[in-house]
Amino acid sequence: VQLQASGGGLVQAGDSLRLSCAASDGTLGAFAGGWFRQAPGKMREFVAAISWNGKRTEYHDSVKGRFTISRDNARNTVYLEMNSLKPEDTGVYFCAAEKTVVSVHTPRSAGQYDYWGQGTQVTVSS
């Protein structure tokens, strides 16, 4: 499975962006999906995850109430809707997929994921 992340950009604080993660050479139907981000000089951190059946989601505390992860298995795509963006949300956002047989699994650790996209830059100016 190859993942392609897109949708990043330069926005102002308070603006919104929607990131997409499209899978090729396979299907995301049996994969949990996740988003991570990495700011300059910092470790990659968990942002959000969604189970392969879409019924369970997990979020980092810093994005709860502002970000929404969703998926469209028919389109093999996972989305991250980001609202009320803040400068501290700046970073490279990576999507990832974990092959799993557990329909409600929502992994928060990067080491649990099997496939990664190339990343898309999100820059939020104050």
Side-chain angles (χ1 to χ4, degrees):
V1 175
Q2 294 188 9
L3 304 178
Q4 179 73 35
S6 62
L10 172 62
V11 297
Q12 294 186 331
D15 285 349
S16 299
L17 280 174
R18 188 176 81 156
L19 306 183
S20 298
C21 178
S24 59
D25 297 332
T27 177
L28 280 178
F31 291 79
W35 286 96
F36 290 74
R37 66 188 179 190
Q38 188 166 17
K42 294 188 177 181
M43 300 286 289
R44 188 173 299 189
E45 67 174 1
F46 169 78
V47 175
I50 187 167
S51 60
W52 71 251
N53 65 2
K55 292 185 177 181
R56 183 173 177 177
T57 57
E58 295 275 351
Y59 296 94
H60 189 279
D61 286 346
S62 66
V63 306
K64 284 181 180 177
R66 299 188 298 121
F67 290 12
T68 302
I69 189 170
S70 62
R71 66 190 300 155
D72 184 341
N73 286 347
R75 297 179 181 271
N76 289 323
T77 303
V78 175
Y79 304 97
L80 184 68
E81 183 76 32
M82 305 186 295
N83 298 316
S84 302
L85 282 162
K86 303 176 181 180
E88 51 264 44
D89 294 319
T90 294
V92 179
Y93 282 69
F94 298 90
C95 63
E98 183 221 28
K99 190 171 184 180
T100 178
V101 297
V102 181
S103 63
V104 293
H105 195 215
T106 49
R108 299 175 68 100
S109 171
Q112 294 176 280
Y113 287 86
D114 302 296
Y115 303 96
W116 290 84
Q118 85 289 358
T120 183
Q121 177 71 45
V122 172
T123 303
V124 185
S125 63
S126 58

Let me confirm one number: the [atom1]-[atom2] distance from [X] to [Y], rounded to the nearest 0.5 Å.
{"X": "F67", "Y": "L19", "atom1": "CZ", "atom2": "CG", "answer": "8.0 Å"}
{"X": "E98", "Y": "S51", "atom1": "CD", "atom2": "OG", "answer": "11.0 Å"}
{"X": "I50", "Y": "E58", "atom1": "CD1", "atom2": "CD", "answer": "11.0 Å"}
{"X": "L3", "Y": "Q118", "atom1": "CG", "atom2": "CD", "answer": "9.0 Å"}
{"X": "E45", "Y": "R37", "atom1": "CD", "atom2": "CZ", "answer": "4.5 Å"}
{"X": "S24", "Y": "N76", "atom1": "OG", "atom2": "CG", "answer": "9.0 Å"}

Requested in this report: Dump the intermediate steps for side-chain contact (heavy atoms from CB on, under 4.5 Å) on R66 and D89, then the final yes or no.
Outcome: CA-CA 11 Å; R66 299 188 298 121; D89 294 319; 2.8 Å; yes
Query raised in the report: Who are the side-chain contact (heavy atoms from CB on, under 4.5 Å) partners of S109, not counting sequence neighbours?
Result: Q112
Query raised in the report: Any donor-acceptor pair under 3.5 Å linking the side chain of R71 with the backbone of G54?
Result: no
Query raised in the report: Is the side chain of N73 donor-acceptor paired with the backbone N or O of W52 at a distance under 3.5 Å, no angle test?
Result: yes
Query raised in the report: Cluster partners of F94, using ILVMFWY side-chain heavy atoms under 4.5 angstrom, listed by chain and number?
Result: F36, F46, V92, Y113, W116
**Report entry** Short N-O contact, K64 and D61, less than 4.0 angstrom
**Finding:** yes
Indicate the atoms forming the closest heavy-atom contact of [X] with [Y], along with that distance.
{"X": "V124", "Y": "T90", "value": "N-OG1, 2.9 Å"}
{"X": "S126", "Y": "A13", "value": "CA-CB, 4.4 Å"}
{"X": "Q121", "Y": "T123", "value": "NE2-OG1, 3.2 Å"}
{"X": "A5", "Y": "C95", "value": "CB-SG, 4.0 Å"}
{"X": "A32", "Y": "T100", "value": "N-CG2, 3.8 Å"}
{"X": "T120", "Y": "G8", "value": "OG1-N, 3.1 Å"}

Requested in this report: Would you list the pairs meeting side chain to side chain donor-acceptor pair (under 3.5 Å) in which at least one residue belongs to residues 9-19, sequence neighbours left out?
Outcome: S16-N83
Query raised in the report: Do the non-hydrogen side-chain atoms of V78 and I69 ever get within less than 4.5 Å of each other?
Result: yes
Query raised in the report: Could you walk me through whether N53 and V104 pass the side-chain contact (heavy atoms from CB on, under 4.5 Å) check?
Result: CA-CA 7 Å; N53 65 2; V104 293; 3.9 Å; yes
Report task. Identify whether W35 and Y79 are in the same connected component of the hydrophobic contact network (ILVMFWY, side-chain heavy atoms under 4.5 Å). Result -> no
Requested in this report: Go through S6 and Q4 one step at a time and tell me if the side chain to side chain donor-acceptor pair (under 3.5 Å) criterion holds.
Outcome: CA-CA 7 Å; S6 62; Q4 179 73 35; over 6 Å; no
